[in-house]
Amino acid sequence: QVQLVESGGGLVQAGGSLRLSCAASGRTFSTYTMGWFRQAPEKEREFVAALPWTGKTANYADDVTDRFTISRDNTKNAVYLQMNSLKPEDTAVYYCAAAFLNGPYTFWGQGTQVTVSS
């Protein structure tokens, strides 16, 4: 099983940057696709970014492309989300998630709050 703990959220002004971290514990971290999702109040949880376990090119939601960068360090069992040029619309609880190989996201962190002020 995989246990995920997010950190790095906080309050930032529009145009600023944050880097979220996700620490993972569990076996064979490198065989999991890692993703970031977010959920704003009264909105559905939405996909933000993902790194396939194969190490191929990352995927991004259209509204974060060119602003966010997902990365991972398998030696540290960690995944990161660098968020630049933040907008108030990015305000949400951000969740780290893991999917075994190419399967569904079955492991989730508790989330970290990101608030972007105008």
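- There is a path of hydrophobic side-chain contacts, each under 4.5 Å, that joins Tyr94 to Val12.
- For Glu6 (side chain) and Gln110 (main-chain N/O), a donor-acceptor pair under 3.5 Å exists by modelled atom type.
- For Gln3, the CD atom counts as loosely surrounded, since its 6.0 Å shell holds 12 or fewer non-hydrogen atoms of other residues, nucleotides or ligands.
- Although no hydrogens or angles enter the test, the distance criterion places a donor-acceptor pair under 3.5 Å between the side chain of Thr33 and the main chain of Trp53.
- Within the 4.5 Å cutoff, no side-chain heavy atoms of Phe68 are placed close to those of Leu20.
- Residues Phe47 and Tyr60 keep their aromatic ring centres 6.0 Å or farther apart.
- Follow the hydrophobic side-chain contacts under 4.5 Å out from Trp36 and you reach Phe100 in the same cluster.
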request  = Test side chain to side chain contact (heavy atoms under 4.5 Å, CB included) on Cys96 and Val79 and set out the steps.
outcome  = CA-CA 8 Å; Cys96 178; Val79 62; 3.5 Å; yes

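- Hydrophobic clustering (ILVMFWY, side-chain heavy atoms < 4.5 Å, transitive): Met83 and Ile70 are in one cluster.
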Please tabulate, for the side chains in residues 111-118, all donor-acceptor contacts under 3.5 angstrom to protein atoms that are two or more places apart in sequence or on a different chain.
from: Thr112; atom 1: OG1; to: Gly9; atom 2: N; distance (Å): 3.2
from: Gln113; atom 1: NE2; to: Ala92; atom 2: O; distance (Å): 3.4
from: Gln113; atom 1: NE2; to: Thr115; atom 2: OG1; distance (Å): 3.4

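- Using cut-offs of 30° and 60° for the angle between ring planes, the Tyr95 and Trp108 rings count as perpendicular.
- Between Asn59 and Pro52, the shortest heavy-atom distance links the atoms OD1-CG, 4.3 Å.
- Pairs passing the side-chain hydrogen bond (donor to acceptor under 3.5 Å, both in side chains) check and including a residue from residues 80-91, sequence neighbours excluded, read Ser17-Asn84, Arg38-Asp90, Arg67-Asp90, Gln82-Asn84.
- The line from OG of Ser30 to CG of Asp73 is 11.5 Å long, rounded to the nearest 0.5 Å.
- For Val2, the side chain to side chain contact (heavy atoms under 4.5 Å, CB included) partners at least two apart in sequence or on another chain are Leu4, Ala24, Tyr32, Ala98, Phe107.
- A continuous path of Ile, Leu, Val, Met, Phe, Trp and Tyr side chains, each step under 4.5 Å between heavy atoms, connects Leu51 with Leu101, placing both in one hydrophobic cluster.
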